[in-house]
Student: 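This is the structure I want to talk about, given as structure tokens.
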Amino acid sequence: MLAIVLPLKSAIADYNWVPTGSMKPTILEGDLILVNKLAYDLKVPFTFARVASWEDPARGDVVVFFSPADGTRLVKRVVGIPGDQLELRENTLFLNGKPMDYAVHAEHGFGSEIYEDSHPVLATESGEGRPHWVMALPGRPARRSFAPVTVPPGQYFMMGDSRDNSADSRYFGSVERRQIVGRAGRVLVSLDKNHGGIPRVKRTLSPLDR
């Protein structure tokens with residue numbers, strides 16, 4: 001049985017527990033997300049070797065990858081693809097010289113769980129790529145600006161949706177294509193770690209914003 005299941009998990013579909021809030025409000029701590037490992041390519045089980053490729057990660061995709069810094073498996077959003085020039089000015093992202101559009105929301109419908117930090121600011125970020133939620137935590141020290149960088153060939157720039165609470169490409173640089181495990185598609189189950197692991201029933205099988 002293991003001889004069948006383990007190769008399937010390695011090359012076709014897997015799951016990933018999310019222990020931190022770096023992707024809030026899109027993904028919460030305690031979410032178990034489904035990872036589609038066939039979204040971009042087919043790999044030899046237990047290796048980075050690709051048998052075939054049919055699609056590249058796109059801006060806005062939520063992906064699972066191995067950190068270039070220490071090999072930790074992370075979940076972030078693709079904000080830059082090969083050749084893109086990116087710049088961050090006080091949490092405003094510039095893509096190829098143009099600022100992204102932001103719509104701040106007073107009503108967001110995510111419940112009280114996002115208020116673990118005082119006074120979070122939620123907005124939708126849109127421009128090239130699909131619109132998605134982002135969150136700022138003004139009370140935290142964070143890297144809210146960086147000078148223009150160009151994403152190298154075969155690499156991708158990743159950022160967390162919780163922009164002030166994410167260790168991402170601002171710190172460890174762009175991620176090589178081969179380090180990307182797959183695309184995160186939906187929440188399988190969700191356990192509220194702050195309330196004894198009670199299931200968040202409404203999040204069960206809910207799609208991520210793609």
Side-chain angles (χ1 to χ4, degrees), residues 5-6 8-10 12-37 39 60-67 69-79 91 93 102-126 130-144 158-172 175 180-210:
V5 172
L6 293 181
L8 289 176
K9 281 180 84 273
S10 176
I12 297 178
D14 199 357
Y15 56 84
N16 203 96
W17 283 106
V18 179
T20 72
S22 69
M23 280 295 292
K24 290 170 81 169
T26 306
I27 301 174
L28 303 179
E29 303 98 319
D31 281 355
L32 179 68
I33 59 174
L34 177 66
V35 183
N36 179 6
K37 292 188 171 183
D61 283 0
V62 178
V63 299
V64 175
F65 62 95
F66 292 104
S67 167
D70 57 12
T72 303
R73 199 156 123 153
L74 301 176
V75 183
K76 307 290 180 187
R77 190 181 296 276
V78 177
V79 299
N91 267 348
L93 184 66
Y102 295 88
V104 177
H105 293 260
E107 299 294 332
H108 42 73
F110 287 102
S112 62
E113 290 174 281
I114 63 167
Y115 290 102
E116 293 164 16
D117 278 72
S118 59
H119 308 298
V121 178
L122 287 102
T124 52
E125 181 181 83
S126 58
R130 65 185 63 88
H132 59 87
W133 286 97
V134 291
M135 183 169 74
L137 303 170
R140 286 195 180 196
R143 187 176 183 184
R144 297 184 173 93
M158 312 293 189
M159 292 182 71
D161 288 353
S162 183
R163 293 286 165 81
D164 297 335
N165 182 34
S166 176
D168 49 38
S169 288
R170 289 173 286 182
Y171 301 94
F172 51 64
V175 177
I180 297 175
V181 174
R183 184 168 60 209
R186 65 179 60 243
V187 177
L188 293 174
V189 296
S190 182
L191 304 179
D192 189 344
K193 296 167 60 178
N194 298 315
H195 295 88
I198 296 174
R200 302 181 182 106
V201 177
K202 290 184 179 180
R203 292 186 67 78
T204 302
L205 298 180
S206 60
L208 301 178
D209 61 336
R210 298 198 52 252

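Positions are given from 1, in the same order as the sequence printed here.
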Student: Restricting to side chain to side chain contact (heavy atoms under 4.5 Å, CB included), what partner residues turn up for Ile198, sequence neighbours left out?
Tutor: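 His195.
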
Student: Can you see which heavy atom on Leu191 is nearest to which on Pro199, and at what distance?
Tutor: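 Shortest heavy-atom separation between Leu191 and Pro199 comes out as CD2-CA, 4.0 Å.
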
Student: Nearest 0.5 Å, please: how far is CZ in Phe172 from OG1 in Thr72?
Tutor: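 Between atom OG1 of Thr72 and atom CZ of Phe172 there are 9.5 Å.
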
Student: Quick one: pull up CE in Met135 and OG1 in Thr26 and give me the separation to the nearest 0.5 Å.
Tutor: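 If we round to the nearest 0.5 Å, Met135:CE and Thr26:OG1 are 9.5 Å apart.
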
Student: Once side chain to side chain contact (heavy atoms under 4.5 Å, CB included) is applied, do any residues pair with Thr204, and if so which ones, sequence neighbours excluded?
Tutor: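 Per chain and number, Thr204 pairs via side chain to side chain contact (heavy atoms under 4.5 Å, CB included) with no residue.
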
Student: Any non-hydrogen side-chain atom of Leu205 less than 4.5 Å from a side-chain atom of Val187?
Tutor: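 No - every pair of side-chain heavy atoms lies 4.5 Å or more apart.
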
Student: Hey, what do you get for CZ (Arg130) to OG1 (Thr124), rounding to the nearest 0.5 Å?
Tutor: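 Output value for this atom pair is 14.5 Å.
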
Student: In chain order, what residues pass the side chain to side chain contact (heavy atoms under 4.5 Å, CB included) check against Ser126, with sequence neighbours excluded?
Tutor: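 Residues passing side chain to side chain contact (heavy atoms under 4.5 Å, CB included) with Ser126: Asp101, Pro131.
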
Student: Is there a donor-acceptor contact under 3.5 Å from the side chain of Arg143 to the main chain of Arg170?
Tutor: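 Yes, the answer is positive, given that a donor and an acceptor are paired below the 3.5 Å cut-off.
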
Student: Just one of Lys76, Arg163, Glu29 clears the side-chain hydrogen bond (donor to acceptor under 3.5 Å, both in side chains) bar with Ser22, so which one?
Tutor: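 Among the candidates, only Lys76 passes.
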
Student: Would you please name every residue forming a salt bridge (charged side-chain N to carboxylate O under 4.0 Å, His left out) with Arg186, sequence neighbours left out?
Tutor: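 Per chain and number, Arg186 pairs via salt bridge (charged side-chain N to carboxylate O under 4.0 Å, His left out) with no residue.
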
Student: Determine, stepwise, if the pair Asn165 / Arg140 fulfils side chain to side chain contact (heavy atoms under 4.5 Å, CB included).
Tutor: CA-CA 8 Å; Asn165 182 34; Arg140 286 195 180 196; 2.8 Å; yes

Student: Spell out, as yes or no, whether a donor-acceptor pair under 3.5 Å connects the side chain of Tyr102 to the backbone of Leu93.
Tutor: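 A pair under 3.5 Å: yes.
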
Student: Report the distance from atom CG of Asp31 to atom OG of Ser206, rounding to the nearest 0.5 Å.
Tutor: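 It comes to 7.0 Å.
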
Student: Checking the side chain of Arg200 only, and the main-chain atoms of Ser190 only, is there a donor and an acceptor separated by less than 3.5 Å?
Tutor: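 Looks like no, no N/O pair under 3.5 Å.
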
Student: Could you tell me if the side chain of Asp14 sits less than 4.5 Å from the side chain of Arg73, heavy atoms only?
Tutor: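 With C-beta onward as the side chain, the pair touches.
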
Student: Would you check if Val78 and Arg183 make a side-chain contact, meaning some heavy-atom pair closer than 4.5 Å?
Tutor: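 SC-SC contact between Val78 and Arg183 ruled out.
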
Student: First locate atom CG of Asp168, then atom CZ of Phe65, and finally report the distance between them rounded to the nearest 0.5 Å.
Tutor: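 Rounded to the nearest 0.5 Å, the CG-CZ separation comes to 7.5 Å.
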
Student: Could I get the full list of salt bridge (charged side-chain N to carboxylate O under 4.0 Å, His left out) partners for Asp161, not counting sequence neighbours?
Tutor: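 Partners of Asp161 under the salt bridge (charged side-chain N to carboxylate O under 4.0 Å, His left out) test: Arg77.
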
Student: Among residues at least two apart in sequence or on other chains, which ones pass side chain to side chain contact (heavy atoms under 4.5 Å, CB included) with Ala167?
Tutor: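 Partners of Ala167 under the side chain to side chain contact (heavy atoms under 4.5 Å, CB included) test: none.
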
Student: Could you check whether any side-chain heavy atom of Trp17 comes within less than 4.5 Å of a side-chain heavy atom of Val75, counting everything from C-beta outward?
Tutor: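 Not touching, per the 4.5 Å side-chain cut-off.
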
Student: Nearest heavy-atom pair of Leu137 and Pro120: which atoms, and what distance?
Tutor: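 Looks like CD2-CB, 3.8 Å.
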
Student: Grab the two heavy atoms, one from Ser67 and one from Leu74, that are nearest each other, plus how far apart they are.
Tutor: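 Residues Ser67 and Leu74, closest heavy atoms: CB-CD1, 3.6 Å.
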
Student: Grab the two heavy atoms, one from Asn91 and one from Ala136, that are nearest each other, plus how far apart they are.
Tutor: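 Residues Asn91 and Ala136, closest heavy atoms: ND2-CB, 3.9 Å.
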
Student: To the nearest 0.5 Å, what is the distance between OG on Ser166 and NZ on Lys24?
Tutor: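 Rounded to the nearest 0.5 Å, the OG-NZ separation comes to 13.0 Å.
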
Student: Any side-chain to backbone donor/acceptor pair from Asp61 onto Val63? Under 3.5 Å, distance only.
Tutor: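 The answer is no, because no donor-acceptor pair under 3.5 Å joins these two groups.
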
Student: For a quick test of reading the model, state the closest non-hydrogen atom pair linking Leu122 to Pro25 and the distance between them.
Tutor: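 In terms of heavy atoms, the two residues are closest at CD2-CG, 3.6 Å.
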
